[in-house]
Amino acid sequence: HKSVRIIVEGHTDTDRIGGTLAERYPTNWELSAARSINVIRYLIGRGIAESRLEGRAFSFTRPVADNKSNEGKAKNRRIEILLSRK
């Protein structure tokens with residue numbers, strides 16, 4: 001419905017960005033922002049008005065799992081989509 005705001009949040013694990021990926025995303029903040037922005041671009045491409053979209057970047061500050069294991073890190077590398085009435 002057009003009265004619903006779509007908030008896209010990007011998250012990462014705690015690993016430092018390395019290799020050639022670090023040239024594009026020097027920190028986890030940039031990587032989490034890019035994740036959010038890419039989803040927003042996809043939604044715009046599907047016809048959702050830009051005025052309904054909001055992007056947020058949380059880097060590694062809101063983990064849902066322990067970053068000590070590969071499984072936990074995989075869970076923390078994520079996008080969350082929240083819906084809110086305007």
Side-chain angles (χ1 to χ4, degrees):
H1 191 269
K2 293 184 181 192
S3 67
V4 174
R5 182 161 198 74
I6 302 167
I7 303 161
V8 181
E9 298 180 346
H11 301 269
T12 67
D13 60 26
T14 54
D15 286 355
R16 292 187 73 170
I17 309 297
T20 58
L21 196 60
E23 294 170 15
R24 188 167 184 186
Y25 309 111
T27 71
N28 280 309
W29 287 106
E30 284 87 0
L31 179 57
S32 65
R35 286 183 174 151
S36 175
I37 291 166
N38 283 328
V39 171
I40 288 171
R41 285 185 180 142
Y42 173 83
L43 294 172
I44 291 168
R46 296 289 185 207
I48 305 230
E50 291 181 37
S51 61
R52 293 180 56 205
L53 298 165
E54 177 181 334
R56 297 177 181 173
F58 289 105
S59 184
F60 52 79
T61 63
R62 295 186 180 185
V64 294
D66 192 337
N67 278 298
K68 293 179 182 172
S69 70
N70 288 334
E71 182 179 286
K73 289 178 186 182
K75 289 179 181 178
N76 290 327
R77 294 186 299 264
R78 70 191 189 282
I79 289 291
E80 291 185 6
I81 298 176
L82 306 157
L83 305 176
S84 173
R85 293 223 181 256
K86 287 187 181 181

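Position 1 is the first residue of the sequence, and the numbers go up from there.
- The aromatic rings of F60 and W29 sit tilted relative to each other, their planes meeting at an angle between 30° and 60°.
- Note that CZ of R16 and CG of L31 are 14.0 Å apart. Values are rounded to the nearest 0.5 Å.
- Side-chain contact between L43 and V8 is present, with heavy atoms from C-beta onward closer than 4.5 Å.
- Ion pairing between a basic and an acidic side chain is recognised when a charged N comes within 4.0 Å of a carboxylate O; R56 and E54 show such pairing.
- Residue K75 qualifies as open at atom NZ: its count of foreign heavy atoms under 6.0 Å is 12 or below.
- Checked against side chain to side chain donor-acceptor pair (under 3.5 Å), R24 has no partners two or more places apart in sequence or in another chain.
- Shortest non-hydrogen contact noted between I7 and S84 is CD1-CB, 4.3 Å.
- A pairwise comparison of heavy atoms in D13 and N28 identifies O-ND2, 3.6 Å as the closest pair.
- The pair R78-E80 meets the salt-bridge criterion, since a charged nitrogen lies less than 4.0 angstrom from a carboxylate oxygen.
- Note: I6 CD1 to I48 CD1 = 4.0 Å, rounded to the nearest 0.5 Å.
- Linking ILVMFWY side-chain heavy atoms closer than 4.5 Å, directly or via other members, places L83 and I44 in a single hydrophobic cluster.
- Between Y25 and I17, the shortest heavy-atom distance links the atoms O-CG2, 3.1 Å.
- Residue pairs meeting the side-chain hydrogen bond (donor to acceptor under 3.5 Å, both in side chains) criterion with at least one member in residues 59-68, sequence neighbours excluded, are N67-N76.
- I81 and I79 make their closest contact through CG1-CG2, 4.0 Å (heavy atoms, listed as atom of the first residue, atom of the second, distance).
- The two residues E9 and L82 make their nearest non-hydrogen contact at OE2-CD1, 3.1 Å.
- Sequence neighbours left out, the pairs with a member in residues 32-42 that pass side-chain hydrogen bond (donor to acceptor under 3.5 Å, both in side chains) are Y42-R46.
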